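Working notes, beginning with the structure itself.
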Number of protein chains: 2
Amino acid sequence: MDHATINLDARARTLLRTLIESYIRDGQPVGSRTLARTSGLSVSAATVRNVMADLEDMGLIHSPHTSAGRIPTPAGYRLFVDSLLEVRNPSPDEVRAIQSGFDPNASTQDLMDTTSNLLSRVTRMAGMVRLPRHRNVALSQIEFLRLGEGRILAILVIDGKEVQNRVLELERDFGQDELQRMANYLNAHLAGKSLHAVRAELLREMRDVRDDLDAMMLAAIDLGEKAVGDEDPDDVVVAGQTHLLGYEELADMERLRQLLEAFNEKQEILGILDQCIRSDRVQIFIGRESGLDWFENCSVVTAPYSVDGEVVGVLGVIGPTRMSYDRVIPIVDVTARLLGSALGEQPPGDPK
Amino acid sequence: MDHATINLDARARTLLRTLIESYIRDGQPVGSRTLARTSGLSVSAATVRNVMADLEDMGLIHSPHTSAGRIPTPAGYRLFVDSLLEVRNPSPDEVRAIQSGFDPNASTQDLMDTTSNLLSRVTRMAGMVRLPRHRNVALSQIEFLRLGEGRILAILVIDGKEVQNRVLELERDFGQDELQRMANYLNAHLAGKSLHAVRAELLREMRDVRDDLDAMMLAAIDLGEKAVGDEDPDDVVVAGQTHLLGYEELADMERLRQLLEAFNEKQEILGILDQCIRSDRVQIFIGRESGLDWFENCSVVTAPYSVDGEVVGVLGVIGPTRMSYDRVIPIVDVTARLLGSALGEQPPGDPK
DNA sequence: TCCTGGCACTCGACCGAGTGGAGCGCTGAC
DNA sequence: GTCAGCGCTCCACTCGGTCGAGTGCCAGGA
């Protein structure tokens with residue numbers, strides 16, 4: 001982005017900012033005369049034309065055809081959000097609307113659902129929330145249930161409220177009483193530790209002490225490893241896709257189809273969100289920057305959310321590139337904070 | 001529908017059929033001349049015009065404006081599918097494509113997903129599958145897990161492969177050992193019976209013998225009742241909504257938005273499918289017949305599927321009213337049969 | 001050197017008239 | 001009952017003309 005900013009003096013920056021703001025508001029190409037009037041600068045339209053010609057040379061704006069006004073290019077938007085944009089604080093109404101949506105007693109899944117709904121409702125675009133990674137949550141309990149010949153159901157209770165099922169297919173068959181003893185053993189050793197720590201510990205024990213343990217314990221560790229071993233499925237919750245049908249700049253049916261298809265497949269959405277998880281602030285992708293063709297005319301605004309200082313997921317919205325960044329950015333930002341603190345609150349305790 | 005069929009002689013029926021087939025194929029209003037040529041009857045265009053005027057009076061066709069051709073009305077479509085349509089058998093390729101999609105070892109959920117995907121891929125419209133009701137499936141096992149103060153996780157294993165979790169909030173607190181004994185008691189009494197029977201039996205025992213049982217058994221029955229009591233959540237699996245973006249007769253953005261929104265909410269889709277579950281054959285809704293405004297220009301083709309002679313669910317497709325019924329109907333039909341038999345096959349057994 | 005007003009030019013949007021074609025209803029003949 | 005023909009309607013398309021917005025360029029002035 002440096003190469004573009006270098007040669008921009010204050011006047012050009014003001015004009016570019018005014019132009020983009022005007023285009024975002026009205027959706028119409030903006031010409032030199034209106035720009036001269038609305039910019040607040042006391043310069044003539046002709047001067048504005050000269051500046052606009054320079055901006056066009058730099059690839060920041062372009063005209064859709066001779067003698068229409070100018071509209072921003074992706075590079076123009078980029079410069080705009082990076083260094084020209086003044087975000088307003090979210091209006092108190094909006095904050096209240098968001099805040100009231102969070103129920104601290106809800107399960108993680110419900111929290112994700114309401115959050116993405118919230119995002120889409122407030123911004124009138126598509127909202128999405130990456131499910132939190134379970135790295136730092138505590139394993140409350142683990143149980144096994146025999147389903148049939150060599151088929152075991154593993155039940156993980158996490159943080160005292162989330163429940164995960166996994167069906168394990170095993171070579172050897174275990175009786176229910178054996179399974180019970182294994183579960184007792186694992187619970188005694190591992191309950192209360194984070195899933196991350198559990199996994200590490202199981203691997204370590206398996207390596208270190210394979211000879212010292214009796215067969216049952218070894219089998220238990222093996223089983224535990226299998227149960228917590230799989231990464232929990234990466235997933236993302238999306239809401240409000242249909243809002244995107246309303247934007248005329250996305251009216252191309254084929255593009256629209258690809259876009260909605262991407263929301264169904266979720267794979268590419270995941271890819272985009274994962275690119276953002278490293279940043280610690282609001283991040284923005286404009287048009288094809290994410291490398292996806294069907295993303296033309298779309299932008300993403302994301303923010304990571306964290307619990308106890310550790311980033312556990314990302315949320316954001318997808319909308320037309322021509323969106324009100326000054327409004328959307330603070331909304332995404334504050335939503336991320338609120339989700340983080342809602343997740344951080346303690347669940348109904350398990351005092352035993 | 002009777003009132004319309006009465007006065008239609010063979011020639012009028014042929015002409016109506018040809019007209020609708022032609023309109024379905026080309027999407028263009030069809031005029032008297034082309035209709036006279038393509039109908040196979042040796043009558044002149046003028047005669048055809050007379051017949052068309054009659055059909056218009058009966059409300060079966062209408063012209064979008066003076067001196068365009070005619071297009072079918074919903075009533076026309078209705079008559080067409082009820083008594084004029086000759087369904088072709090599905091092409092062997094299509095049958096093979098559908099058949100190869102079914103993996104008899106898949107879980108119910110996976111089976112639903114692949115089925116709706118299949119439907120949408122083969123018909124290039126939106127496919128949907130109503131989850132089967134669990135009336136007739138056997139309870140394999142029931143277990144309880146104490147999550148915290150008064151919070152119990154009930155685990156139902158059904159048919160030896162499906163697992164359902166339910167969190168119960170109770171007044172009284174139970175220890176894990178109490179829960180274990182209750183589960184043992186319930187398993188001894190109920191395992192292998194259908195959920196339906198289980199529910200009935202629990203209710204009966206509760207009423208009949210409330211004094212004879214000791215407190216533990218009474219509590220166990222109460223708990224079991226709570227665990228199986230809730231109907232499992234009604235749900236429907238939808239796939240391929242985005243195919244609908246391609247049809248120009250659905251190009252109205254606002255309508256389209258409502259349509260896709262309905263797919264997200266699922267509530268109204270459920271309503272439509274439930275209306276069809278009583279029928280034992282392929283059923284068709286045309287346009288507003290379902291009573292929903294946003295359904296204009298859309299039709300549904302559904303078929304119930306059954307296991308062991310009992311209807312357990314419905315599947316179908318949604319597409320534009322102008323669809324190839326002769327192709328779609330047999331596809332839906334055969335898919336329903338194949339899904340039924342796939343569900344009927346025995347899961348990996350639990351011989352113990 | 002930079003700004004400004006002026007001017008010619010371009011392009012798209014809009015409008016109205018004209019044209020061709022598809023299709024209909026009606027009528028009179030067979 | 002069927003058919004051919006006539007006149008009519010309406011739509012889609014084209015063409016020419018006008019208008020307005022906007023540009024690029026140039027020459028004059030601070």
Side-chain angles (χ1 to χ4, degrees), chain A residues 7-16 18-73 76 248-249 251, chain B residues 7-16 18-73 76 248-249 251:
Chain A
N7 299 336
L8 276 194
D9 58 8
R11 193 176 62 186
R13 293 162 62 87
T14 306
L15 287 175
L16 179 59
T18 317
L19 185 148
I20 297 185
E21 282 169 357
S22 161
Y23 179 68
I24 286 178
R25 193 175 345 102
D26 306 330
Q28 296 298 326
V30 10
S32 52
R33 195 195 313 262
T34 42
L35 193 50
R37 269 206 311 275
T38 57
S39 70
L41 304 175
S42 45
V43 293
S44 77
T47 308
V48 171
R49 282 201 281 279
N50 289 329
V51 178
M52 284 167 93
D54 294 343
L55 292 174
E56 182 150 21
D57 287 343
M58 289 187 244
L60 299 173
I61 57 180
H62 85 284
S63 359
H65 55 79
T66 346
S67 156
R70 308 296 221 289
I71 63 178
T73 62
E248 66 219 57
E249 55 263 53
Chain B
N7 300 336
L8 276 194
D9 59 7
R11 194 176 60 183
R13 293 164 61 88
T14 307
L15 286 176
L16 179 58
T18 317
L19 185 148
I20 297 184
E21 282 169 355
S22 160
Y23 179 68
I24 285 178
R25 193 175 345 100
D26 307 330
Q28 297 297 328
V30 9
S32 53
R33 195 196 313 260
T34 42
L35 192 51
R37 270 205 312 273
T38 58
S39 70
L41 304 175
S42 46
V43 293
S44 77
T47 308
V48 171
R49 282 201 280 278
N50 289 330
V51 178
M52 285 168 92
D54 295 342
L55 292 175
E56 183 150 20
D57 287 344
M58 288 186 242
L60 298 173
I61 57 179
H62 84 284
S63 359
H65 53 80
T66 347
S67 152
R70 309 295 223 285
I71 63 179
T73 62
E248 66 219 57
E249 55 263 54

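Model, not experiment: these values are computed from the prediction. Numbered from 1 within each chain, the chains take letters A, B, ... in sequence-line order.
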**Message:** Testing the basics here: between B:Ala68 and B:Ser63, what is the closest heavy-atom pair and its distance to 0.1 Å?
**Reply:** O-CB, 4.2 Å
**Prompt:** Would a 4.5 Å heavy-atom cut-off, applied to side chains only, mark A:Thr47 and A:Arg11 as touching?
**Reply:** yes
**Prompt:** In Å and rounded to the nearest 0.5 Å, what is the CZ to OG distance from B:Arg37 to B:Ser42?
**Reply:** 15.0 Å
**Asked** What closest approach, in Å, do A:Arg49 and A:Ser32 show between heavy atoms, and which atom pair accounts for it?
**Response** NH1-OG, 3.1 Å
**Complete:** In whole angstroms, the gap separating P of D:dA12 from CD of B:Gln28 amounts to 10 Å
**Asked** Taking for each residue the nucleotide of DNA chain D with the nearest heavy atom, is it B:His65 or A:Ser63 whose nucleotide lies nearer the 5' end?
**Response** B:His65
**Asked** Just how far, in rounded Å, is P of D:dC11 from CZ of B:Arg70?
**Response** 15 Å
**Prompt:** For the atom pair CD1 (A:Ile61) and OG1 (A:Thr73), what is the distance rounded to the nearest 0.5 Å?
**Reply:** 8.0 Å
**Message:** Testing the basics here: between A:Pro72 and A:Ile20, what is the closest heavy-atom pair and its distance to 0.1 Å?
**Reply:** CG-CG1, 3.7 Å
**Request:** Would you name the heavy atoms of B:Leu16 and B:Leu55 that are closest together and state the gap between them?
**Result:** CB-CD1, 4.1 Å
**Request:** Considering non-hydrogen atoms only, spot the tightest contact between A:Tyr23 and A:Ile71 and give its length.
**Result:** CE1-CG2, 3.5 Å
**Closest approach of A:Gly31 to A:Met52 (non-hydrogen atoms, all atoms of both residues)** = C-CE, 4.2 Å
**Request:** At the 4.0 Å heavy-atom cut-off to chain A, mark where contacts on DNA chain C begin and end, going 5' to 3'.
**Result:** C:dC3 to C:dG12
**Asked** Between B:Arg11 and A:Ala68, who's closer to the 5' end of DNA chain D by nearest nucleotide?
**Response** B:Arg11
**Proximity to DNA chain D (any heavy atom under 4.0 Å), residues of residues 29-38 of chain A only** = A:Gly31, A:Ser32
**Message:** Could you tell me how far apart A:Ile71 (CD1) and D:dA21 (C1') are, to the nearest whole angstrom?
**Reply:** 16 Å
**Request:** Examine distances only and state if a side-chain atom of A:Ser39 and a backbone atom of A:Thr18 form a donor-acceptor pair shorter than 3.5 Å.
**Result:** no
**Request:** Output the distance between atom CG (B:Asp54) and atom CG (B:Asn50), rounded to the nearest 0.5 Å.
**Result:** 7.0 Å
**Request:** Starting from C1' on D:dG24, measure out to CG on A:Leu55 and report it in whole angstrom.
**Result:** 16 Å
**Fill in**
Under a 4.0 Å heavy-atom cutoff, the residues of residues 40-51 of chain A touching DNA chain D are A:Arg49
